[in-house]
Amino acid sequence: MAAADLLLTNYIPVLLATVVGFIMVITALLAARLLAPFSQEAGKGTTYECGMLPLRRASTNVGMRFYLYAILFVIFDVEAVFIFPWALSFIGIGAFAYWLMVIFIAILALGLGYAWKKGALQWR
Amino acid sequence: MTTEETTQPVADFSGTIWAEVDRALSGVTVRPERGLLDVIAHIPRDEVVTALRRLKTDAALHFDYLRSLTAIDREADGIEVVYHLYSTDKKHNLTVKTTLPTTDLNVPTATTVWRAANWLERETAEMFGIQFTGHPDPRTLLMPEDMTDVHPLLKSHPLAEIEVLQGEGMGYPEEGA
Amino acid sequence: MVTERAREFDTQDLLINVGPQHPSTHGVFRMVLEIDGELVKDVIPYIGYLHRGAEKLCETMDYRQGIGFMDRTEYLAAFNAELSYVMAVEALAGLEVPERAQWIRMILCELNRISSHFMFMGAFGVDTGVMGTPFIYGWREREGIIDLFEEISGDRMMYAYFRPGGLAWDVTTNFKARVREVLKSITQGIKDFDGLFTENEIFVARTKGVGYISAEDAIDYGMSGPSLRASGVPMDVRKDEPYLKYSEIDFKVITGEHGDVFDRYHCRLQELRESVKIIEQCLAKMPDTGPIMPEKMPRMLRTPPGEVYLRTEAPRGEYGVYLVSNGGNRPYRLKVRSACLSNLQALKQMSVGQYVADAILVLGSIDIVLSEVDR
Amino acid sequence: MFDRLPLPSQLDRTIMAGGTIAGLVAAPVLIVLLGLQITGTISAAEMVFYMAAGVVLGGALGAVLIKNIVHASLSLIATLLGVAALYLLLLTEFIALVQVLVYGGGVIILLLFALMMTNAQDDPIVQDGSQKPFAFGVAVLIGGVFVTALLDAQWGDPTAAVIPFVDFGARIFRDFSVPVIIVAVLLDIALTGAFVNARRAEAHDEEARS
Amino acid sequence: MKGIAKSLLTTLSTFSRKPVTRDYPNVHKTLPERDRAFPLLLWDQEIDEPFCTGCHACERACPVECMTVLMKDNPNHKSVGGTSSRRKIIDKFWIDYARCMRCNICVEVCNFDAIAMNNTWTGHETSVHDRKDLVMDLQMLLSQSHAGAIKEWVPVIGQTNE
Amino acid sequence: MAVTPGMVTTPESPVTVPVITPEPVEVPLPVIPGEHPNEAPRLVPVELRPGKALYKQVLPGVMQAPLDLLLGASRKSSLWPMTFGLACCAIEMIATFMSHYDLDRFGIVPWPSPRQSDVMIVAGTVTKKMAPAVKLLYEQMPNPKWVISMGACATNGGPYTRYDRVLQGVDKIIPVDVYVPGCPPRPEALIDSLLSLQDMIMEERGSMGR
Amino acid sequence: MIPIENFLVLSALLFAIGFYGVLARRSAILILMSVEIMLAGVAINFIAFASYLDHDAFSGLVFALFVITVAAAEVGLALGVVLRLFRERRTANVDEANSLKW
Amino acid sequence: MNTDLFGLQVNVWADAALRLQLIVVFMTVVVMGLIWAERRILGRFQQRIGPQKTGPFGLLQSVADAVKLVGKEDLRPKNADPWTFELAPFLVFIPIFMGFVIVPFLVGWNIKVLELGLLYFVAISSVNIVGWVMAGWGSDNRYAMIGGLRAAAQSISYELPLVLSLLAVAMVAGTLNLDEIVRQQGSVPYIVWQPMAFAIFFIAALAELNRAPFDIPVGESEVVGGPFVEYSGIRWSMFMLAEYAGLLIMAVVGASVFLGGYAWPLGEELGLGWQVVLVGAKAGLIIFAVFWIRASLPRLRIDQLMGYSWKILLPLVLVQILVNGLVLVYGWSEAILGVVGLAGVVALVSITGRAANRPRQIPARAAALKGEAA
Ligand code: SF4
Ligand code: SF4
Ligand code: SF4
């Protein structure tokens, strides 16, 4: 079998898993539809708010912190993306690749350090 | 029943802090009374907050702790507002009372003296219909927010009827049955 | 345009409604937290969801009938509540309580303090997020104490056992042995809690420096009990104005220094140990036999006109009963000075500027009993 | 009618209408694709390609057309994950997984946070700009030009080849060392830039509040 | 980390202990003698009639007013040729268990020792589907004592304030 | 209704019945006699609109029976109460969940949200201030749902009946399935009530479309 | 095997859709999303060429990787700008933010 | 395109479908078992019994719960956003389920051996967080909203330590193929060479699974169940299923990558029975530890939680990777790795302890706000 076919075959279960997962949820929902009683009572559609009627549509002022952490995550996620191929191949290339990665990580660590220093990691 | 009946002779204040209180409250109309465990000082309503502040700031008395604030409905004789004071370092007690006529239930707020008075006054206000003038947050405390005309602790406020759900023949029998 | 929008935006801080039905409000307390991100900007407490008129009803009850209602105002430490009430009646009526009854009252009250503190530990532990374990520890120890109470008084929570003048009936014959037995399991429980929390880094990180209140503020708000003592004010009615036999007992008033959540927790933990000590002393000093009621008790107790404000140290702080009599067999006016109400007032002071999670901890750390707050 | 039927409240009009339309559109396509596959006209890979392409294009269309921005971003997720499937079909396993890792986990969360900090707070519905028709024209033009050009060109019949992952890594770190460092610096700049921005915004908030 | 280890060990030690659970529906804990469930009326086994004379003392003393007492002339009184020395006897008696707060006051005020708190499990397992069923009438109040299951409530023997 | 004046009958008049003219009713708000006008509308009983399970409508009766049995059995073994303590009774309720009684043995575990709970244990005094919240929480529970009224207060106001801020029994606003007397009931009594609720569920399993 | 044209046409369409979004949308965040779509189209193109035509050099792959990387960085940075804009102007609409003196 | 399914030659599609069917059954059963076990174990930790009356030893408890949840009305609040609310269970559950594809249960019994299995695992497990945010946003509930945001913030913060700690092992193993990684541990499990990576993996896994002490998104005492407050019945049980399936996957992956899965200590040639016992025991150990921690530790606060990941775990795991690289590229002995790893664990412990025992202080901002409020 060609390498290409092999690769695609490998991912057949992944495709199927998506479908099966979907089917599972749908089946469960349908089963509930069949077995569960449904009614429309007056207060049922209200949002749970510890027994009080909700005041207005829930909206939230998401702190800037959440966003900062998300940026940090994206940046370091990308870093991880670079580390992955490196991790498996650097031995073959030798010390050069290793030190390249050290520099790479160091630069990013610098950024993290800067953010840390500036209090971006401090959740106030 | 009025408080006069329980008033002890004035000579009886030995061993209490009355002398100190009297000194601190010079200039304020105050009528002492010997209570069971401490001295009760009757102060007219207009002067009560001044007196309370003096009692708090006076170095020798230093009543920095408001134990309790409540009122007593004396029906025809008006409503008494009662302050129980305590000093956390001098460790002595004092009861301060002021009487409001039923026609005019107003008394200056003590929240300016102790923050502790805040909720206590709110409670007293809604329970007796007293107005604490100058109160920073005059909402109801225990009653629903839109019920400002019900004052359950007044003697005139009736108790509810017991709901009779007693099966056949389970109503209370007529008198003499 | 811009400024208008800005103003609009500023009022848009998220309001979350916590309670009246919320796992961590210990009953039907409700507070509205105004939060900015995760920080609490304002707390608006709402109480009164359990206002059921104990004071009003007691005005229609004779003194013995009122005891049951007192039980129910402070259901976690019913003995302590009963004690204040009956002592107020005794003070008004001028009754002398036999010595043995006083010792028994002391033991029972301290035991009740222990059980109440244990329940605090449990509920507080659950607030910090441990899955049930502390809750169960606390209730396990409480169950032991409750069993003892039940043997003595016949009920698990609402004992109705103290009477003006003494006790309703005598304790069981194996009382002392049973108390010792219970004390042993309590000691184990204290150890469990100590091990579970006191040094736990996460617990410490969550509680130290959180919910701070200074001694001055605490006094100004009229706080009392362990919540006040944690701020460093050694105010304890048992020491300052001893009642029962506390003057004959050697015990420390536990104070904290920092006035934060951890101190409030730790004060209670140490108070548990103190209470155990007190009970041990009481057991040693208590006479084995003797009367528990004064000789001549009227069938229907009447009090001379007068008034008394009687305070005792309940687990949550100063439980005061202000009793006004007009000479009948029932109070003319009864006011319960609730420690929780005053402690709760300081909630805003303590939790503003903290994280949402901390606000919950602060609420847990002042250990409220809603029926005492609302009565 | 909807009130009378013992319908669960959640199967309300939106979902029913949406689901019906989606089902009506998707079902025939799926059936055709399956039929083609079974009869051997197209390979399984091609079938998957068409499905993925449908998801990608549908998602992209949704992302640019839907008014509710949260829904638009949901739709974008479909596109980005579908693109990962396309990468897979292009036999680049690694890039596909990277796509899932970076976009599925990171960028989308970032976008959602940003959305929730802005419009989605109260009113997630946005109005599109007035240059819609113009934009439509330009887009059709560009798309048309590209597609005709692409279809016109003679691509021969090249076949895809699998690129071993290890070789790929070696290649990057041997031959592209300078770009890698540049990427690091770029990321750093993005990081600090974002922080500075966020800090300014926060400082502004403080000001506005006080 | 030491503290975390300590908490982990604490819970582990709990893990190794025996559960304290009482297997309730199968195992009933022995109730203490003084247990107070709900008030019951006692049956005078000697004369074969209730002790209760319907004197209303308990009814008046009950803080929650959950009792209703009706008395009648005792048909078994000596004066009419019976064996009992009770001139009056209980005619109808209701206690609303749904309202009773188990305060024991009715027991204390009764001069005839005619009422006692149920200290058996039957007094506790009383859940019903209709709250009217919680209003106990004379027959139900007497049945347990009549059968000999309940005699009198224990602490009354000791010193009480009556 | 009003009796129109001047309808006095004379012996000569054949009409002996006073004419009663209905007056137009203007106040749609239900008013409970003796209630504070602000409060009365909040205290009306919850409006029940029981729903039906689909299988009850589509399946023939024979096939329903095993499903009823299965559902009934599992519902009864997995009663999740909402943690809802109101007053003193709540302490005993919590005690019931604790190690000495351990309701988890019966599969009964408390959940904080009404959405995941099956049974509401009203443990304690329902004041009129709290009553709307109780009602709302009950309404927010998904069907099928049950209510246990625990303790004297929830059943009919208990010791506090005579205080007019207290609701005289929670069954004024929501339907109650099991009443547990006691003030507070022992934990065993609560377990007993849950067991009797389980029996009830098994008995009523066929009609349980609530 | 899937013909290469399929991928190329798809990428062109994606690019066009993204382009439409950039032009038609007013909310800055939505514009960024559209840019993401365009970049995805471009990356598909790169990879298609790399794996179909450039069997051993695969620079296209590396380029695609860099595209993804840069896109992520760009989103992070640009959203930062948008957020700041929003905080100061209370709007995320590019039309309203046309005066750049802040 | 045929492949080998337990000795039979079947079409790849059929093979995948069959194996997935097996997983569906297996997952359902194990998840139910896990829920039962959790309740029993937590019960023991609290000196009580746990489910007991439903079926023998309460074994049917989870079944009863599941059936009941199916027969429970399935609500959606009126104001909820229909699309997000409806789609959230799918988005949460499907990625978790897809994660099963690479889990190396036993020799030949995993669904597929992917060359980039580890990368696949980390990539796919990061997707479901979108579902959490959707559930939170769509419910129109403040608790849910806050819970969803917290979940997202927490998950992205701990994703990196998780990924990188797995990567550290992959470096030593020289492959991302999970099966291969397990096989290489025939004699020594990687926990010996990479103890710190394991510690970090465990902590990060706890956080990813929203398990105590990192359960702030679902913390009962704060947000009453987090993003799922408004979900009832079957949808809610989908979330639960996903949660426990995630726990299962994480435990098996952890057991395979660090504890040697089915290979250690006796090599992979063992019979199926022994392999089941080995994997079960190792995964069970991890799961037990999770439950144990749940019964003992308080919840962290959000700032502490985020800080812990970014300030402590991430730097440490980066150092671990660089050290691994150094040792590997210069061909030093693996023992160095073990020693360094142990030192790392010590560092982790002491830094954690130090971080927790900061001196008490009132934050300046809190003080300022307090002034405002007073
Ligand atoms: S029980 Fe006792 S007090 Fe009550 S009516 Fe009968 S005899 Fe009188
Ligand atoms: S026990 Fe108390 S409440 Fe109950 S009937 Fe007797 S007196 Fe009334
Ligand atoms: S029934 Fe009794 S114990 Fe229960 S809430 Fe009411 S007063 Fe408290």
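In what follows, chains are A, B, ... by sequence order, proteins preceding strands, each numbered from 1. Note that the structure is predicted; figures quoted are calculated from it, not measured.
- Proximity of a side-chain donor or acceptor of Thr133(B) to a complementary backbone N or O of Val107(B) within less than 3.5 Å is detected.
- With Tyr319(C) as reference, Thr73(C) is the one residue of Asn80(C), Thr73(C), Thr312(C) to meet the side-chain hydrogen bond (donor to acceptor under 3.5 Å, both in side chains) rule.
- Neither the backbone nor the side chain of Val336(C) comes within contact range of chain B; no heavy atom of the residue lies under 4.5 Å from a heavy atom of that chain.
- For chain C, the nearby part of Arg139(B) is the side chain; its heavy atoms alone come within less than 4.5 Å.
- Although no hydrogens or angles enter the test, the distance criterion places a donor-acceptor pair under 3.5 Å between the side chain of Glu82(C) and the main chain of Phe162(C).
- Using a 3.5 Å distance cut-off with no hydrogens or angles, the side chains of Thr112(B) and Arg53(B) do pair a donor with an acceptor.
- Formation of a donor-acceptor pair under 3.5 Å by the Glu59(C) side chain with backbone atoms of Arg333(C) is not found in this model.
- When each of Thr140(B), Asn93(B), Ile40(B), Leu120(B) is scored by its heavy-atom pairs under 4.5 Å with chain C, the top score falls to Asn93(B).
- Contacts between Leu92(C) and chain B at a heavy-atom distance below 4.5 Å involve backbone atoms as well as side-chain atoms.
- The candidate from Leu57(C), Ile219(C), Thr60(C), Leu50(C) with the greatest count of non-hydrogen atom pairs under 4.5 Å with chain B is Ile219(C).
- With chain B as the partner, the residue from Leu228(C), Leu344(C), Leu310(C), Val373(C) showing the most heavy-atom pairs under 4.5 Å is Leu344(C).
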Please test Ser68(B) against Arg311(C) for side-chain hydrogen bond (donor to acceptor under 3.5 Å, both in side chains), starting from the C-alpha separation and ending with a verdict. CA-CA 11 Å; Ser68(B) 143; Arg311(C) 49 258 159 189; over 6 Å; no

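- Contact annotation for Glu318(C): only side-chain heavy atoms (C-beta onward) come within less than 4.5 Å of a heavy atom of chain B.
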Is there a side-chain hydrogen bond (donor to acceptor under 3.5 Å, both in side chains) between Asp64(B) and Thr88(B)? Walk through the geometry before answering. CA-CA 7 Å; Asp64(B) 53 353; Thr88(B) 48; 2.6 Å; yes

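- With a threshold of 4.5 angstrom between heavy atoms, Glu216(C) does not approach chain B through any atom at all.
- Proximity to chain B (any heavy atom under 4.5 Å) is restricted, for Tyr46(C), to the side chain, taken from C-beta onward.
- Ring-plane geometry between Tyr309(C) and His84(B) is classed as parallel, the angle between the planes falling under 30 degrees on a 0 to 90 degree scale with a further cut at 60.
- Of the two parts of Ser338(C), neither the backbone nor the side chain holds a non-hydrogen atom closer than 4.5 Å to a non-hydrogen atom of chain B.
- Contacts between Leu66(B) and chain C at a heavy-atom distance below 4.5 Å involve the backbone alone (N, CA, C, O).
- Between the Arg302(C) side chain and the Gly327(C) main chain, no donor and acceptor come within less than 3.5 Å of each other.
- With a 4.5 Å cut-off on non-hydrogen atoms, Val113(B) touches chain C through its backbone but not through its side chain.
- Heavy-atom distances place both the backbone and the side chain of Lys56(C) under 4.5 Å from chain B.
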